[in-house]
S.K.: 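Would you mind keeping the following structure in view while I ask a few things?
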Number of protein chains: 2
Amino acid sequence: MKLSVRGEYALRALLVLARDYQEDDSVVRIQEISRKQNIPKRFLEQILNDLKSARLVESKRGVAGGYRLRRAPQHITLAEIIRHVEGPLAPVSCVSEKFYEKCSCPDETRCPIRDVMKEVRDSIVAHMEHTSLADLAERARKLEHEPMSGADFVI
Amino acid sequence: MKLSVRGEYALRALLVLARDYQEDDSVVRIQEISRKQNIPKRFLEQILNDLKSARLVESKRGVAGGYRLRRAPQHITLAEIIRHVEGPLAPVSCVSEKFYEKCSCPDETRCPIRDVMKEVRDSIVAHMEHTSLADLAERARKLEHEPMSGADFVI
DNA sequence: TTCAATCTTTACTTTACGAGTCGAGATTGG
DNA sequence: CCAATCTCGACTCGTAAAGTAAAGATTGAA
C-alpha cells in the first residue's frame, strides 16, 4: 500500500518547483532541489527526466540551466504525478480506472473484496485529484508561518 | 500504492473461511480454499501459516484437518488482516500509526505532503477498520442473489 | 574561443522482495 | 498402519527499487 521512495522524491522535487514557480522562465538547478530536499542528485536527475517525458516539467540546459514546471501549479494534481511515476492509485488493479487488470478471483463481478476496494480507491482518488501543487505550496507556506503548531499529531 | 498478490490471497482465503464459519470447530481444507479461489496450494500454505501466527486462524492437523477463523468474522477487520500481511496502510511511513518511520524530508513537521498523506491514510484506515469479514461475507451473499446487477461499473 | 556549469542518455550494479516451488517431517482419523 | 492432511525451512527465479557511473551535448560568460 505504499508509495515508493522514487514517488516521494518526485513529489518533493515538484513541490520545490511549485514554490519557486514564476510566470517568466526562471529555472531551478537540480543541485538546489537535491540540497533542499536531501535527494541524491544522480537519482534526482533520472526522476526529473522522467517527469519531463511526462510533460510535467521542462528544462533549460547549459550553465544557467535547470528545471521548471511546464504548467502552473494549480493545474497539476497529485493524482497525475503519482499515476505517472508509480502507476495505479487503486489498491488492487481490478478496481483501477486507468490501469485495470483482471484479477484471478473466481468471479470478479461478485467479489465483495473488489467492492470494498473500489470504495477505498474512490476516496484515495478524490483526495489526490483535488489536491494540486498549488495547494501543497499554500499549505507549506502556512506551516512555515505557524511553526510548531500544537495541532501536530503524535505517533 | 498497491496490495501485493499475497495480501489479496490472504483476504480471499479468509473470506472463504468467513463464509464457512460456524460455532462448532468445523474446518476447511487448504485444498478447498485453493480450488475455490484459484490460489496456488503451496503458496496458500505459507499464507495460512502466517495468518495462524497472527492468531487470525487456527488449524487442525491430520486426515480431517483444515483451517478455521480463530474469532467470529465480525471481529476481524480488513485493517487487521492487511496490517499483518502487508504492513502499513499509510501511503508513506511518516504518517503511519502502527509502522511509523522517519522520512528523509528536511522538516517533517512542516511537510505539506505529509499533511495530505495523513488525510489519505485516515480515509483508507476508516474504510478498512469499519469493514469486517462478516461484512464481506454479507456482501458476497447479496452479490450472489442479485446476479449481474446493472449497477456493475464499466472500466 | 574556451571554459565550466549545467542538463542528457545510456548503461550498469546491487540488494531486496515478491511469488512461487520443493521435500521431508509431524499428526491424526479410519 | 496408512493416507490425507498440516508444518517448516530451504530454495529458485525473475523483477524492480534505489542508486552510481561515464561520456556527451548545450549554453552563458569571461
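These numbers come from the heavy atoms of this one structure, side chains and all, not from hydrogens, waters or symmetry mates. Predicted model only: the values in this text are computed from it and were never measured. Proteins come first, then strands; the chains are lettered A, B, ... in the order of their sequence lines, and each starts at number 1.
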S.K.: For A:P40 and for B:A64, find the nucleotide of DNA chain D with the closest heavy atom, then tell me which residue's nucleotide is more 5'.
M.R.: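 Per heavy-atom nearest nucleotide, the more 5' residue is B:A64.
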S.K.: Tell me which nucleotide among C:dC7, D:dT7, D:dG19 gets nearest to the side chain of A:R61.
M.R.: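 Within the option list, the nearest is C:dC7.
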S.K.: Indicate whether OP1 or OP2 belonging to C:dT6 is found under 4.0 Å from a side-chain N or O atom of A:R29.
M.R.: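 For C:dT6, OP1/OP2 do have a side-chain N/O of A:R29 under 4.0 Å.
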S.K.: Just checking B:K2: base, sugar-phosphate only, or nothing, at a heavy-atom cut-off of under 4.0 Å?
M.R.: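 No contact.
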S.K.: Compute whether any side-chain donor of one residue and acceptor of the other, for B:S4 and B:E86, lie under 3.5 angstrom apart.
M.R.: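 The criterion, which ignores hydrogens and geometry beyond distance, is satisfied for B:E86 and B:S4.
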S.K.: On the nucleotide D:dC8, are OP1 or OP2 found under 4.0 Å from the side-chain N or O atoms that B:N49 carries?
M.R.: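 Yes, within the criterion.
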S.K.: B:I30 side chain: which of D:dC6, C:dT28, C:dT21 is closest?
M.R.: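 Among D:dC6, C:dT28, C:dT21, the one nearest the side chain of B:I30 is D:dC6.
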S.K.: With sugar-phosphate meaning primed atoms plus P, OP1 and OP2, does B:G62 contact a base, only sugar-phosphate, or nothing at under 4.0 Å between heavy atoms?
M.R.: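 Base contact - B:G62 has a heavy atom under 4.0 Å of at least one base atom.
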S.K.: Figure out the CZ/C1' separation between A:F43 and C:dT14, and round it to whole Å.
M.R.: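 Spelled out: CZ on A:F43 to C1' on C:dT14 is 13 Å.
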S.K.: To the nearest angstrom, how far is B:K52 atom NZ from C:dA26 atom C1'?
M.R.: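 Those two atoms, NZ and C1', are 11 Å apart.
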S.K.: Under 4.0 Å between any heavy atoms, over every strand shown, what does A:Q31 touch: base, sugar-phosphate, or nothing? Just pick one.
M.R.: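 Result for A:Q31 = sugar-phosphate.
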S.K.: For A:R42, report the nucleic acid contact type (base, sugar-phosphate, nothing); a contact means any heavy atom under 4.0 Å.
M.R.: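 Touches a base.
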S.K.: How many Å lie between CG on A:D25 and P on D:dT27, as a whole number?
M.R.: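 Taking CG of A:D25 and P of D:dT27, I get 13 Å after rounding.
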S.K.: Using the side-chain heavy atoms of A:E45, tell me which of these nucleotides is nearest: C:dT9, D:dA25, C:dA26.
M.R.: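 Closest nucleotide to the A:E45 side chain: C:dT9.
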S.K.: Count the heavy atoms belonging to other residues, nucleotides or ligands that lie under 6.0 Å from CD of A:Q31, then report whether that count exceeds 12.
M.R.: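 Atom CD in A:Q31 is not crowded, with 12 or fewer foreign heavy atoms closer than 6.0 Å.
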S.K.: Among C:dG20, D:dT7, D:dT20, which is the nearest nucleotide to the side chain of A:Q46?
M.R.: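 Among C:dG20, D:dT7, D:dT20, the one nearest the side chain of A:Q46 is D:dT20.
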S.K.: Take atom CD1 of B:I47 and atom P of C:dT21, then tell me their distance rounded to the nearest Å.
M.R.: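 Rounded to the whole Å, the gap is 11 Å.
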S.K.: Calculate the interatomic distance between A:L51 atom CG and C:dT8 atom P; express it in whole Å.
M.R.: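 Computing the A:L51:CG to C:dT8:P distance gives 12 Å.
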S.K.: Salt bridge check: are A:R83 and A:E129 linked by an N-O gap of less than 4.0 Å?
M.R.: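 Salt bridge: yes.
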S.K.: Quick one: label B:L48 by what it contacts on the DNA or RNA (base, sugar-phosphate, nothing), any heavy atom closer than 4.0 Å.
M.R.: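 No contact at all - B:L48 keeps every heavy atom at 4.0 Å or more from the nucleic acid.
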S.K.: By nearest atom, which of the nucleotides D:dC6, D:dT27, C:dA19 is closest to the B:S59 side chain?
M.R.: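 Selected nucleotide (nearest to the side chain): D:dC6.
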S.K.: Touch check for B:K41, heavy atoms < 4.0 angstrom, all strands: base, sugar-phosphate only, or nothing?
M.R.: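 The residue B:K41 makes no contact with any strand.
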S.K.: Is any side-chain N or O of A:Y67 closer than 4.0 Å to OP1 or OP2 of C:dT6?
M.R.: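 The answer is no; no side-chain N or O of A:Y67 sits under 4.0 Å from OP1 or OP2.
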S.K.: Out of curiosity, B:Y67 OH to B:E32 CD, how far, rounded to the nearest 0.5 Å?
M.R.: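 These two atoms lie 14.5 Å from each other.
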S.K.: Is the closest basic N to carboxylate O distance between B:R141 and B:E144 below 4.0 Å?
M.R.: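 No, B:R141 and B:E144 are not salt-bridged.
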S.K.: Between C1' on D:dT7 and NZ on B:K60, what's the gap in Å once rounded to a whole number?
M.R.: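 That distance rounds to 17 Å.
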S.K.: Specify the separation, in whole Å, of atom CD of B:E32 and atom C1' of D:dA4.
M.R.: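 Atom-to-atom, B:E32 to D:dA4, this comes out as 14 Å.
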S.K.: Can you tell me the distance, in whole Å, between the CG atom of B:N38 and the P atom of C:dG20?
M.R.: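 That distance rounds to 12 Å.
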S.K.: Indicate yes or no: does A:R139 engage A:D135 in a salt bridge with an N to O separation below 4.0 Å.
M.R.: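 Answer for the salt bridge query: no.
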S.K.: Return the 5'-most residue of the pair A:S4, B:G65 with respect to DNA chain D, ranking by each residue's nearest nucleotide.
M.R.: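 The residue mapped nearer the 5' terminus is B:G65.
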